[in-house]
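In what follows, a single structure is set out as structure tokens and then discussed.
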Amino acid sequence: MASATITDTHGVEDFAALLDETLGQDSGFEGSVVTGRVLRLTDEFVIVDVGLKSEGRVSLKEFGPPGVAPDVKPGDTFELYVERYEDRDGLIVLSREKARREEAWTALERAFANNQRVNGTIYGRVKGGFTVDLGGAMAFLPGSQVDIRPVRDVAPLMGHPQPFQILKMDRVRGNIVVSRRAVLEETRAEQRSELIQGLKEGMILDGVVKNITDYGAFVDLGGVDGLLHVTDIVWKRINHPSEALQIGQPVRVQVIRFNSDTQRISLGMKQLEADPWENVAIKYPPGARYTGRVTNITDYGAFVELEPGVEGLVHVSEMSWTKKNVHPGKIVATSQEVDVMVLDVDSAKRRISLGIKQVQRNPWEQFAEEHKVGSLIEGEIRNITEFGLFVGLSADIDGMVHMSDLSWDEPGEAAMAKYEKGQVVQAKVLDVDAEKERISLGIKQLHEDPAADTLSKVQKGAIVTCVVTAVQSNGIEVKVDEVLSGFIRRAELARDKAEQRPERFAVGEKVDAKVVSVDRASRKLALTIRGREVEEDKQAISEYGSSDSGASLGDILGAAIRRRNTEV
């Protein structure tokens, strides 16, 4: 039994030795890279000679992208990776891609160890970043490592060979992480140092717009960024830099300011163009008329562009003859073309004052030309105030009828009560003040003053007969010829203080009084009874004697009264 066991053991060992003799010498090739020469091509494979007992085959797909004829022909030599020594057909299974990958990994590990850059191509997008082909080895490019600043569109970067820095690699797991940002930062630092050393104000440089904000644009000058403020892009007004610039746009700029301590660079584009404000005072003299475009509207007026880069301000007070205290946006609109007149030019402060209303006729001057004082007009009552009526004379202007010009006889309040808003009335033009923008109208002037005749006869000092119309505590109201009003103050009711009592008079009673003053504008008289009595006393004394002759005042007045009665 023991002998049989030994025999069997030797038989197994002999078989293993035979197998090693047949295969063992070549089985170590699996997983290695060999050089192969193309023998022939089939529909699916490339048959190659790798110097072993059997021929090898490589998938034809590995020699060209899909849809493109493979770039391979008999006699070509390639580095190939041995995947399996012999398959069931007795052929060696080879891979060109894995050979390239092995070769690439070796070169990449060497570059990683020496902190060297490697070339690669971004060819795909994955979660959190992109895939990069490093000459056969696939690497991951995180989104944060694409550029120094966030990139909105990566399409222009894909498909183009460019340098990368390897951040991490693990051959066992097949992981490689690369960075494009690290390369840019290193290059940028070199360029920045070189550029800043020779940077001076006034220099003209070429750059590329990298970012746009509300207040301007950042321009890459080749390793260093400068700020191009919105006011320094073009001479004309723009509301946002995107109206004149786009990201990625090449631009030529001038260094306006450079702070070597903070390394801040202020740039300008408009400074490379002619200043449109040169000779602006000659081109736009005061009084000249032009057509411009409204570019901006504010609470205090509107800016009008006369030419690119030259704007003037139309103050709200110069926009309309008639529209007062309204927002400029209700008079003009942005981008609207308007006719303006130049009012003033200040070249030093780069200011032009414009007016819109000045190119239109002053409606008050026009009214004064078309309606002389004394002419008749007709209009609708647009408003009633506590002091009069406003009558519409045109679409834009009103005339005012003061309450005192409504009626010859009635008080102003009583006369106003007869009118209502929207009523059409006739009136006479009394006065036009174009400078103060006032038109005075009168309704009572449509008729003759009923007291005119009486007023023409009444003079100061005359004695008139009045009719009492009202008794008040401070005097009495009277009428002369039923058309002219007058007033006798309490102190003027009698010569004797005991008789200076308004209540001793009755409405409708006739009294004689002396005219103290005549107010022809208001058609009112100031009268006195006491003055009349004093005057009569003086006259009686002069006619019938004096107190020096021994006669008493009573005797003199009594004689005068008797004589008057006798004459009557």
Side-chain angles (χ1 to χ4, degrees), residues 386-389 400-419 427-428 430-431 440-543 553 557 560-561 564-565 567-568:
E386 60 181 9
F387 51 83
L389 314 176
M400 191 192 78
V401 182
H402 194 269
M403 59 190 301
S404 62
D405 290 314
L406 290 173
S407 174
W408 290 111
D409 303 316
E410 295 179 299
E413 293 82 356
M416 285 180 61
K418 296 181 178 180
Y419 297 92
K428 182 176 286 189
L430 304 182
D431 182 57
S440 298
L441 305 174
I443 291 180
K444 73 180 184 181
Q445 287 79 3
L446 294 173
H447 310 285
E448 289 294 331
D449 184 357
D453 186 55
T454 302
L455 273 173
S456 65
K457 297 176 182 179
V458 175
Q459 300 295 327
K460 181 180 179 181
I463 304 298
V464 295
T465 300
C466 313
V467 177
V468 179
T469 56
V471 178
Q472 300 177 1
S473 61
N474 62 335
I476 61 173
E477 292 183 6
V478 298
K479 279 231 176 198
V480 178
D481 292 345
E482 299 182 353
V483 293
L484 197 59
S485 298
F487 188 76
I488 305 174
R489 294 186 299 111
R490 184 187 186 98
E492 301 296 329
L493 290 176
R495 183 180 55 186
D496 298 331
K497 286 189 176 182
E499 298 297 322
Q500 294 174 355
R501 293 177 290 107
E503 60 269 17
R504 75 184 183 88
F505 295 91
V507 174
E509 180 182 350
K510 291 184 178 182
V511 294
D512 291 335
K514 181 181 178 181
V515 178
V516 178
S517 64
V518 180
D519 188 343
R520 300 186 185 280
S522 63
R523 302 161 66 251
K524 288 184 179 180
L525 303 177
L527 303 167
T528 176
I529 296 176
R530 183 178 67 85
R532 188 212 74 200
E533 291 177 343
V534 170
E535 184 175 340
E536 287 179 349
D537 289 349
K538 289 180 180 179
Q539 185 176 0
I541 291 173
S542 65
E543 291 183 9
L553 182 59
L557 291 178
I561 292 172
R564 185 178 65 181
N565 291 338
E567 292 176 353
V568 174

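As the structure is a computational prediction, the values presented were derived from the model and not from experiment.
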Of all heavy-atom pairs between Leu406 and Ala415, which one has the smallest distance, and what is that distance?
-> CB-CB, 3.7 Å
Would you give the length of the straight line joining atom NZ of Lys497 to atom CZ of Arg530, rounded to the nearest 0.5 angstrom?
-> 10.0 Å
Nearest heavy atoms of Ile488 and Thr528, plus distance in Å | CG2-CA, 4.3 Å
Please check if the side chain of Lys428 supplies one atom and the backbone of His447 the other of a donor-acceptor pair under 3.5 Å.
-> no
Do Ser485 and Lys479 pass the side chain to side chain contact (heavy atoms under 4.5 Å, CB included) test, and can you show the C-alpha distance, the side-chain angles, and the key distance before you say yes or no?
-> CA-CA 5 Å; Ser485 298; Lys479 279 231 176 198; 3.8 Å; yes
Donor-acceptor pair, Glu509 side chain versus Ala506 backbone, under 3.5 Å?
-> yes
Quick one: do Tyr419 and Val401 satisfy side chain to side chain contact (heavy atoms under 4.5 Å, CB included)? Show the steps, please.
-> CA-CA 12 Å; Tyr419 297 92; Val401 182; over 6 Å; no
Report the C-alpha distance between Phe505 and Ile529 in whole Å, list the side-chain angles of each, state the deciding distance to 0.1 Å, and finish with yes or no for side chain to side chain contact (heavy atoms under 4.5 Å, CB included).
-> CA-CA 12 Å; Phe505 295 91; Ile529 296 176; 3.8 Å; yes
Residues Gln500 and Ala494: closest non-hydrogen pair is NE2-O, 2.9 Å
In short, Gln445 meets Trp408 closest at the heavy-atom pair CA-CZ2, 4.3 Å
For Val471 and Pro502 the tightest heavy-atom approach is CG1-O, 3.4 Å
Could you tell me the separation between the CZ atom of Arg490 and the CD1 atom of Ile476, rounded to the nearest 0.5 Å?
-> 11.5 Å
Identify the heavy atoms of Asp512 and Arg532 that sit nearest to each other, and give their distance.
-> O-NH1, 2.8 Å
Apply the side chain to side chain contact (heavy atoms under 4.5 Å, CB included) test between Leu527 and each candidate in Val464, Val516, Ile463; give the one that qualifies.
-> Val464
Is the count of non-hydrogen atoms from other residues, nucleotides or ligands lying under 6.0 Å from Glu503 atom CD greater than 12?
-> yes
For the atom pair CZ (Arg501) and OG (Ser473), what is the distance rounded to the nearest 0.5 Å?
-> 14.5 Å
With side chain to side chain contact (heavy atoms under 4.5 Å, CB included) as the test, would you mind laying out the steps for Glu492 and Lys514 before giving the verdict?
-> CA-CA 10 Å; Glu492 301 296 329; Lys514 181 181 178 181; over 6 Å; no
So how far is it from Glu482 CD to Thr469 OG1, rounded to the nearest 0.5 Å?
-> 11.5 Å
